[in-house]
Student: 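Below: one structure in structure tokens.
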Amino acid sequence: MVRLLRPFGRAVTYTRWLHLFVAVVWPAMWMFVEEAWWTWLVAAVTLAPAGLVPAMRTVEGLQARLLLTGHRHNSESSDIVVAPSLSWSDRGRLVVWLEARLLLGWATAMLSVHLLLGSVGLVASVFGRDVDEGVVLLDGHRWWHVLLAPVSLAALAATVVVSGRLITWLALRLLGPSPAERLAALEERTEQLLERTRIARELHDSIGHALTVAVVQAGAARAAGDPAFTDRALGAIEETGRAALEDLERVLGILRESERPVSGRPTLTDAGRLLESARASGAKVDAELTGPVDTVPGPVSREGYRILQEALTNVLRHAGAVPVRVRVEVTGEALALEVRNPLTADIPGPGRGSGLRGIRERAALLGGRAHTGPDRGDWQVHAELPLR
């Protein structure tokens with residue numbers, strides 16, 4: 001019983017009923033001027049060319065979203081489209097929708113009015129009032145007529161619920177997105193997910209590197225007990241923290257203004273900052289850069305910088321102050337980047353850790369490849385990124 005009454009506690013049940021009545025308001029007004037059955041035929045014919053107007057899809061979509069689904073006009077729901085018609089297929093579906101809405105609205109309005117007047121007539125007949133034969137097909141004035149009034153009201157309630165669900169079902173199919181629009185929405189969603197993944201990698205690499213340097217430097221300064229070393233450590237922490245704050249502000253700016261172009265991201269030409277930061281943390285870095293690094297395309301150079309940053313961060317985090325060999329080679333076809341350090345028991349195995357996964361994802365997005373794992377007694381990060 002509660003389940004049957006639940007729809008009548010929802011506002012959308014009544015807004016759907018209203019949506020059907022709105023569809024027949026203007027033909028009904030016309031009938032007051034010219035009482036003839038053909039007025040409905042003229043109304044149906046008039047709707048056909050209206051459905052061919054692209055903007056009409058926006059009007060119908062807004063009404064359907066608000067009254068049939070309870071969503072606002074700016075809702076992200078894609079069940080009902082509010083964009084203008086883009087193809088003849090969209091226009092054809094809109095014409096079918098307008099005709100179906102008019103027909104179902106007329107049937108619902110007529111049935112609702114007759115059932116409501118029938119309930120009133122049944123109650124009135126008990127008190128000796130005349131009953132409209134067009135409403136209630138019962139003769140005489142009988143007391144038991146009042147027992148039929150709830151039946152008529154129940155039929156009215158069923159009409160409200162069933163017609164509302166039927167018009168919503170039609171709206172989802174006739175005003176919903178076309179296959180081309182579904183594909184475009186899927187592509188947009190994919191781009192958003194890729195952007196979110198990229199931003200997550202940016203934050204992980206930048207903030208993770210800064211925190212790792214700060215922790216290593218602070219620990220080394222406390223262990224050394226040398227005021228001069230402590231000053232150098234604090235300077236390195238300050239510089240690394242400032243760079244991390246710049247990266248954080250840039251990423252947050254992208255999140256706040258999604259249309260703002262990405263700019264200011266560090267490239268391989270800024271690799272010296274990473275190497276000095278690692279050296280200041282106690283690592284003995286042997287770096288060799290071969291080839292025209294400044295001519296590497298922007299996307300490749302930026303991702304190469306992040307790969308180098310994550311590789312050095314892993315060394316400081318898991319191996320500490322150990323010798324590190326960094327090789328960056330630029331040829332006419334590719335950028336090769338390699339970071340090696342003595343293998344320790346604390347370094348994770350291949351395939352584990354979000355940072356290592358991020359390195360491989362960055363290389364794959366550019367059509368390259370990356371390998372991370374033990375190699376001849378060393379821990380190796382090796383990436384190859386095509387330049388074209």
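These numbers come from the heavy atoms of this one structure, side chains and all, not from hydrogens, waters or symmetry mates.
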Student: Side-chain contact test, heavy atoms from C-beta onward, threshold under 4.5 Å: evaluate it for Val24 versus Leu20 and give yes or no.
Tutor: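 Side-chain contact under 4.5 Å: no.
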Student: Is the shortest side-chain heavy-atom distance between Arg165 and Arg16 below 4.5 Å?
Tutor: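 Yes, at least one pair of side-chain atoms sits under 4.5 Å.
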Student: Just how far is it from atom CZ of Arg101 to atom CG of Leu170, taken to the nearest 0.5 Å?
Tutor: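 Separation between the atoms: 12.0 Å.
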Student: Side-chain heavy atoms under 4.5 angstrom apart, residues restricted to Ile, Leu, Val, Met, Phe, Trp, Tyr: same cluster for Leu68 and Leu172?
Tutor: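 Yes, Leu68 and Leu172 fall within the same hydrophobic cluster.
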Student: Any donor-acceptor pair under 3.5 Å linking the side chain of Thr372 with the backbone of Val381?
Tutor: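 Not a single qualifying donor-acceptor pair exists.
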Student: Measure the shortest side-chain to side-chain distance between Leu268 and Val330 over non-hydrogen atoms and say whether it is less than 4.5 angstrom.
Tutor: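 Side-chain contact under 4.5 Å: no.
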Student: I want to check something: taking the side chain as every heavy atom from C-beta on, are Tyr305 and Leu274 in contact at a cut-off of under 4.5 Å?
Tutor: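 They are in side-chain contact.
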Student: Is there a side-chain contact between Asn314 and Val339 in this structure, where contact means two heavy atoms from C-beta onward sitting under 4.5 Å apart?
Tutor: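 No, side chains not in contact.
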Student: So, Thr267 and Thr269: side-chain donor and acceptor under 3.5 Å apart, yes or no?
Tutor: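 Yes, side-chain donor-acceptor contact under 3.5 Å.
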Student: Do Val53 and Leu94 belong together in a cluster built from hydrophobic side chains that touch within less than 4.5 Å?
Tutor: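 They do share one cluster, since a chain of ILVMFWY contacts under 4.5 Å joins Val53 to Leu94.
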Student: Hey, could you give me the CZ/CG distance between Arg57 and Leu98, rounded to the nearest 0.5 Å?
Tutor: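 Rounded to the nearest 0.5 Å, the CZ-CG separation comes to 12.0 Å.
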Student: Once you round to the nearest 0.5 Å, how far does CG of Leu174 lie from CD of Glu99?
Tutor: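 Nearest 0.5 Å value for the CG-CD distance: 11.5 Å.
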Student: Using the rule that Ile, Leu, Val, Met, Phe, Trp and Tyr join whenever any side-chain heavy atoms are under 4.5 Å apart, tell me whether Val95 and Leu104 fall into a single cluster.
Tutor: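 Val95 does not cluster with Leu104.
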Student: Under a 3.5 Å distance rule, please check whether Thr15 uses its side chain to pair with a backbone N or O of Val12 as donor and acceptor.
Tutor: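 Judged by distance alone, yes, a pair lies under 3.5 Å.
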Student: Looking at CD of Glu333 and OG1 of Thr331, how far apart are the two atoms once the value is rounded to the nearest 0.5 Å?
Tutor: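 Spacing of CD (Glu333) from OG1 (Thr331) equals 6.5 Å.
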Student: Using modelled atom types only, decide if a donor and an acceptor are shared between the side chain of Arg65 and the backbone of Ile80 within a distance under 3.5 Å.
Tutor: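 Such a contact is found between Arg65 side chain and Ile80 backbone.
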Student: Nearest 0.5 Å, please: how far is CG in Leu275 from CD in Gln309?
Tutor: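 Nearest 0.5 Å value for the CD-CG distance: 11.5 Å.
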Student: Please give me the minimum heavy-atom distance between Pro84 and Thr58, naming the atom from each residue.
Tutor: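 Scanning both residues completely, I find the closest heavy atoms to be N-OG1, 3.3 Å.
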Student: In Å and rounded to the nearest 0.5 Å, what is the NE2 to CD distance from His382 to Glu338?
Tutor: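 Taking NE2 in His382 and CD in Glu338, the distance rounds to 6.0 Å.
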Student: If you count every heavy atom of other residues, nucleotides or ligands that lies below 6.0 Å from Arg173 atom CZ, does the total exceed 12?
Tutor: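 Buried by this count: over 12 neighbours within 6.0 Å.
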Student: Taking 4.0 angstrom as the limit, do Arg327 and Glu329 come out as a salt bridge?
Tutor: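 Result for this pair is no, no salt bridge flagged.
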Student: Which atom names give the shortest non-hydrogen contact between Phe21 and Ser112, and what distance separates them?
Tutor: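 Closest heavy-atom pair between Phe21 and Ser112: CZ-CB, 4.2 Å.
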Student: I'd like to know if the side chain of Arg360 and the backbone of Ala370 have a donor-acceptor N/O pair within less than 3.5 Å.
Tutor: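 Between the backbone of Ala370 and the side chain of Arg360 there is no qualifying donor-acceptor contact (under 3.5 Å).
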Student: Is the side chain of Arg340 donor-acceptor paired with the backbone N or O of Asp375 at a distance under 3.5 Å, no angle test?
Tutor: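 Looks like yes, one N/O pair under 3.5 Å.
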Student: Can you name the nearest heavy-atom pair linking Arg273 to Pro266, along with the distance?
Tutor: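 That would be NH2-CB, 3.9 Å.
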Student: Shortest non-hydrogen contact from Asp90 to Ser85?
Tutor: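 So the minimum-distance heavy-atom pair works out to CB-CB, 3.9 Å.
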Student: For Tyr14, which residues count as a ring pair (Phe, Tyr, Trp, His ring centres under 6.0 Å) partner, sequence neighbours excluded?
Tutor: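 Once residues adjacent in sequence are excluded, Tyr14 has no partner under the ring pair (Phe, Tyr, Trp, His ring centres under 6.0 Å) criterion.
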Student: Within a strict 4.5 Å, meaning less than it, do heavy atoms of the Leu337 and Leu385 side chains meet?
Tutor: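 Side-chain contact under 4.5 Å: no.
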Student: When you check the gap from the basic side-chain N to the acidic O, do Glu303 and Arg306 get nearer than 4.0 Å?
Tutor: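 No, Glu303 and Arg306 are not salt-bridged.
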Student: Can you give me the closest heavy-atom contact between Arg91 and Pro54, atom names plus distance?
Tutor: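 The answer is NH2-CG, 3.6 Å.
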Student: Considering only heavy atoms from C-beta outward, does the side chain of Val161 approach that of Trp17 to under 4.5 Å?
Tutor: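 They are not in contact (no side-chain heavy atoms under 4.5 Å apart), so the answer is no.
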Student: State plainly whether one hydrophobic cluster holds both Val151 and Val162, where clusters connect Ile, Leu, Val, Met, Phe, Trp and Tyr through side-chain heavy atoms under 4.5 angstrom apart.
Tutor: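 In one cluster: no.
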Student: So, are Arg362 and Glu310 salt-bridged, with charged N and O less than 4.0 Å apart?
Tutor: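 Not counted as a salt bridge, because no side-chain N and carboxylate O are separated by less than 4.0 Å.
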Student: If I compare all heavy atoms of Ser152 with all of Leu115, which pair ends up nearest, and what's the gap?
Tutor: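 Of all heavy-atom pairs spanning Ser152 and Leu115, the closest is OG-O, 2.7 Å.
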Student: Are Leu166 and Met110 linked, directly or through intermediate hydrophobic residues, by side-chain heavy-atom contacts shorter than 4.5 Å (ILVMFWY only)?
Tutor: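 Yes.
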Student: Side-chain contact test, heavy atoms from C-beta onward, threshold under 4.5 Å: evaluate it for Leu102 versus Leu47 and give yes or no.
Tutor: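 With C-beta onward as the side chain, the pair touches.
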